[in-house]
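Worksheet: the structure to be examined is printed underneath.
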Amino acid sequence: MTIPCRANLGIDMKKFLLLLLPLLLLLSSCSDVRKFERDADGYGYTDEKSDLHYIELDAAFEPASAGEVWAEYKNEETGKTRTFRAIPELEPTRFLTDEYLNVYYAGDTPPDAASWELSMILVCKEDAIGVEDFRFTAEQAETVNAIRTLWFEGAGDDVLPFQSADYKRRIKLSCDAYPNLLYSFSFLAYDSGEAYFYDASSRRTVAVPDALAALLRPAENTEG
């Protein structure tokens with residue numbers, strides 16, 4: 001009978017541990033994913049472990065990116081699972097996002113974009129998240145303030161033309177206080193010369209003056 005020497009036993013044990021490590025990491029990762037319970041109205045979720053309650057923010061809020069999986073909710077009736085991820089640089093016990101880019105907040109005072117000190121405004125293609133055309137920075141304070149003031153302080157009851165806009169962009173507000181959290185709405189320009197800020201969820205509509213519309217639609221970006 002051959003008895004393995006101590007050296008061989010050590011090598012075999014190392015091989016075993018190397019094979020076992022990925023499984024242990026996977027199990028550890030799975031165990032860290034929290035379980036959520038959904039509210040009866042479907043707009044909020046509660047962390048079963050910490051009892052933290054998350055509410056869904058206004059649809060205008062969106063994440064700039066999504067990080068690690070933080071929690072899951074499984075609908076026992078349909079068998080479908082919704083996954084919640086951390087938003088980079090934001091505390092996951094306060095902010096999360098899901099696969100539909102909804103943003104959820106746990107806390108007493110939800111963020112109010114109207115009061116943000118804006119670090120920049122991104123102008124992006126309407127149908128492609130993250131595809132930036134250009135931006136206005138804090139150094140362009142006059143334009144930044146004009147966009148913010150018009151959207152948040154305008155009456156909001158204008159009416160869009162019946163025809164489709166020939167130029168569409170997403171206006172995304174960003175601030176240093178909430179990194180990777182954006183507040184967005186649409187900029188729509190028409191062949192007639194009319195232009196509007198518009199939010200499809202609330203139907204808020206604000207007419208944009210010609211001078212500001214020209215800044216949001218530079219000559220090199222006249223195509224939709």
Side-chain angles (χ1 to χ4, degrees), residues 29-118 121-122 124 126-130 148 151-158 160 168-188 196-206:
S29 175
C30 291
S31 65
D32 288 341
V33 176
R34 292 156 176 78
K35 302 300 180 184
F36 275 5
E37 182 66 31
R38 190 179 187 183
D39 291 353
D41 61 12
Y43 291 101
Y45 295 84
T46 299
D47 186 327
E48 294 181 356
K49 184 176 181 180
S50 67
D51 209 34
L52 274 175
H53 182 251
Y54 294 80
I55 60 170
E56 184 176 342
L57 295 183
D58 187 289
F61 288 98
E62 64 181 54
S65 61
E68 64 180 3
V69 174
W70 183 260
E72 290 181 344
Y73 162 72
K74 183 175 182 180
N75 187 319
E76 298 298 339
E77 294 183 2
T78 64
K80 294 183 178 179
T81 298
R82 175 164 293 192
T83 301
F84 297 84
R85 293 180 177 272
I87 300 174
E89 298 184 72
L90 290 178
E91 177 55 53
T93 57
R94 286 292 176 265
F95 293 93
L96 294 173
T97 186
D98 62 17
E99 58 264 47
Y100 304 104
L101 302 181
N102 300 311
V103 176
Y104 299 84
Y105 174 76
D108 296 328
T109 308
D112 177 13
S115 65
W116 284 2
E117 183 177 345
L118 299 181
I121 295 179
L122 307 177
C124 304
E126 174 92 354
D127 58 352
I129 186 169
R148 174 174 55 187
W151 176 248
F152 288 111
E153 298 181 17
D157 56 357
D158 288 289
L160 293 178
K168 302 177 182 180
R169 292 295 184 269
R170 290 293 285 176
I171 308 299
K172 299 175 185 280
L173 311 184
S174 175
C175 73
D176 292 335
Y178 298 101
N180 292 307
L181 181 65
L182 302 171
Y183 179 93
S184 64
F185 49 90
S186 294
F187 170 65
L188 307 175
Y196 298 87
F197 289 151
Y198 177 68
D199 177 63
S201 177
S202 65
R203 303 295 181 184
R204 178 174 175 77
T205 308
V206 182

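As the structure is a prediction and not an experimental result, all values here were calculated from the model.
- Nearest approach of Leu173 to Trp116, heavy atoms of both residues: O-CZ3, 3.5 Å.
- To the nearest 0.5 Å, the span separating CD1 on Ile55 from NE2 on His53 amounts to 7.5 Å.
- For the side chain to side chain donor-acceptor pair (under 3.5 Å) test, no residue two or more places apart in sequence or in another chain qualifies with Ser174.
- Closest approach of Leu57 to Pro110, counting heavy atoms only: CD2-CB, 3.9 Å.
- Applying the salt bridge (charged side-chain N to carboxylate O under 4.0 Å, His left out) rule to Asp98 yields the partners Arg82; only residues at least two apart in sequence or on another chain are considered.
- Side-chain atoms of Thr97 come within 3.5 Å of backbone N or O of Asn102 as a donor-acceptor pair.
- Scanning for side chain to side chain donor-acceptor pair (under 3.5 Å) contacts around Ser50 gives Asp47, with sequence neighbours left out.
- A salt bridge does not link Glu153 to Arg148: none of the charged nitrogens lies less than 4.0 Å from a carboxylate oxygen.
- Residues forming a side chain to side chain contact (heavy atoms under 4.5 Å, CB included) with Glu37 (at least two apart in sequence, or on another chain): Glu48.
- The stretch residues 67-79 participates, sequence neighbours left out, in no side-chain hydrogen bond (donor to acceptor under 3.5 Å, both in side chains) pair at all.
- Residues Phe95 and Pro111 approach most closely at CE2-CG, 3.9 Å, considering heavy atoms.
- Residues satisfying the side chain to side chain contact (heavy atoms under 4.5 Å, CB included) criterion with Ser201, sequence neighbours excluded, are Ala59, Asp199.
- Residues forming a side chain to side chain contact (heavy atoms under 4.5 Å, CB included) with Asp51 (at least two apart in sequence, or on another chain): Thr46.
- Taking Tyr54 as the reference, nothing meets the side chain to side chain donor-acceptor pair (under 3.5 Å) condition, with sequence neighbours excluded.
- Between Glu89 and Asn180 the shortest heavy-atom distance is OE2-ND2, 3.4 Å.
- The distance from the CG atom of Leu101 to the CZ atom of Arg85 is 11.5 Å, given to the nearest 0.5 Å.
- In this structure Thr93 satisfies the side chain to side chain donor-acceptor pair (under 3.5 Å) test together with Glu91, sequence neighbours excluded.
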**Study point:** Steps toward side chain to side chain donor-acceptor pair (under 3.5 Å) verdict (Glu62, Ser184)
**Key:** CA-CA 7 Å; Glu62 64 181 54; Ser184 64; 3.1 Å; yes
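- The ring-ring contact (aromatic ring centres under 6.0 Å, His included) check on Phe84 picks up Phe36, Tyr45, Tyr104, with sequence neighbours excluded.
- Atom-to-atom distance recorded for Leu182:CG and Ile121:CD1 is 11.5 Å, nearest 0.5 angstrom.
- In terms of the side chain to side chain contact (heavy atoms under 4.5 Å, CB included) criterion, residue partners of Thr205 (sequence neighbours excluded) are, by chain and number, Asp158, Leu160, Tyr196, Tyr198.
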Review point. Could you go step by step and tell me if Arg204 and Asp157 meet the side-chain contact (heavy atoms from CB on, under 4.5 Å) rule?
Key: CA-CA 6 Å; Arg204 178 174 175 77; Asp157 56 357; over 6 Å; no
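- Taken from CZ in Arg169 to CG in Leu122, the straight-line distance is 13.5 Å, to the nearest 0.5 Å.
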Practice item. Before giving the answer on ring pair (Phe, Tyr, Trp, His ring centres under 6.0 Å), spell out for Phe185 and Phe152 the whole-Å C-alpha distance, their side-chain angles and the decisive distance to 0.1 Å. Key: CA-CA 11 Å; Phe185 49 90; Phe152 288 111; 7.1 Å; no
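- Formation of a donor-acceptor pair under 3.5 Å by the Arg94 side chain with backbone atoms of Ala106 is found in this model.
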